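This report concerns only the one structure given below.
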Amino acid sequence: RNMAHNVLATCLLAKYTIQQQIIIKIATVFGDEFDINFLYKVLPRSLRTNLTRTLSIFVHDGLIYRLNYYRYRFQNGLLKNALYDLMAER
């Protein structure tokens, strides 16, 4: 099961830049929902510039959806968990 999740998550992320992949992986640390302000604060400075644009891309692609101006939610917990599991990979 874990390997299948990793393969699925890796395939989903393949179309994104490394910077975009890092952003979505870090967002998983906050749980099923996250606040853009908190995410901004924990991101390395180099990833902060395009944060809003990157989140818009993820919304458009169906990985997350916007709850309000500041809050986002992953489409489902399985997706979030699969992406989170990739954080541990070296």
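Keep in mind the model is a prediction, meaning the values are calculated, not measured. When a residue number appears, it is its place in the shown sequence, counting from 1.
Judged as a side chain to side chain contact (heavy atoms under 4.5 Å, CB included), and not counting sequence neighbours, the contacts of Phe30 are Phe34, Phe38, Leu39, Val42. Judged as a side-chain hydrogen bond (donor to acceptor under 3.5 Å, both in side chains), and not counting sequence neighbours, the contacts of Asp61 are Lys15, Tyr16.
Under the 3.5 Å distance criterion, the side-chain polar atoms of Gln21 are matched with a main-chain donor or acceptor of Leu13.
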* Would Ile36 and Tyr69 satisfy side-chain contact (heavy atoms from CB on, under 4.5 Å), going step by step from the backbone distance to the final call? -> CA-CA 9 Å; Ile36 190 173; Tyr69 188 74; over 6 Å; no

Report the C-alpha distance between Tyr72 and Asp32 in whole Å, list the side-chain angles of each, state the deciding distance to 0.1 Å, and finish with yes or no for side-chain contact (heavy atoms from CB on, under 4.5 Å).
CA-CA 9 Å; Tyr72 292 82; Asp32 292 340; over 6 Å; no

TODO: Please assess Lys80 against Asn76 for the test side-chain contact (heavy atoms from CB on, under 4.5 Å), listing each intermediate value before the final yes or no.
DONE: CA-CA 6 Å; Lys80 194 271 306 175; Asn76 64 61; over 6 Å; no

(Q) For a side-chain contact (heavy atoms from CB on, under 4.5 Å) check, start with the C-alpha distance between Ile64 and Leu79, then their side-chain angles and the critical distance, and finish with the verdict. (A) CA-CA 9 Å; Ile64 60 175; Leu79 172 64; over 6 Å; no

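Tyr65 places a side-chain heavy atom less than 4.5 Å from the side chain of Gln75. Annotation: side chain of Leu55 is not in contact with side chain of Ile24 (no heavy-atom distance under 4.5 Å).
In this structure, CG on Leu83 lies 6.5 Å from OG1 on Thr28, to the nearest 0.5 angstrom.
When all heavy atoms are compared, the tightest approach of Ile57 to Gln20 is CD1-NE2, 3.4 Å. Between Lys25 and Leu86, the shortest heavy-atom distance links the atoms CE-CB, 4.0 Å.
No more than 12 heavy atoms of other residues, nucleotides or ligands shown are found within 6.0 angstrom of OH on Tyr70.
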Just distance, no hydrogens or angles: give the donor-acceptor pairs under 3.5 Å from side chains in residues 43-50, sequence neighbours left out.
| residue | atom | partner | partner atom | Å |
| --- | --- | --- | --- | --- |
| Arg48 | NE | Tyr40 | O | 3.0 |
| Arg48 | NE | Leu43 | O | 3.1 |
| Arg48 | NH2 | Lys41 | O | 3.3 |
| Arg48 | NH2 | Leu43 | O | 3.4 |

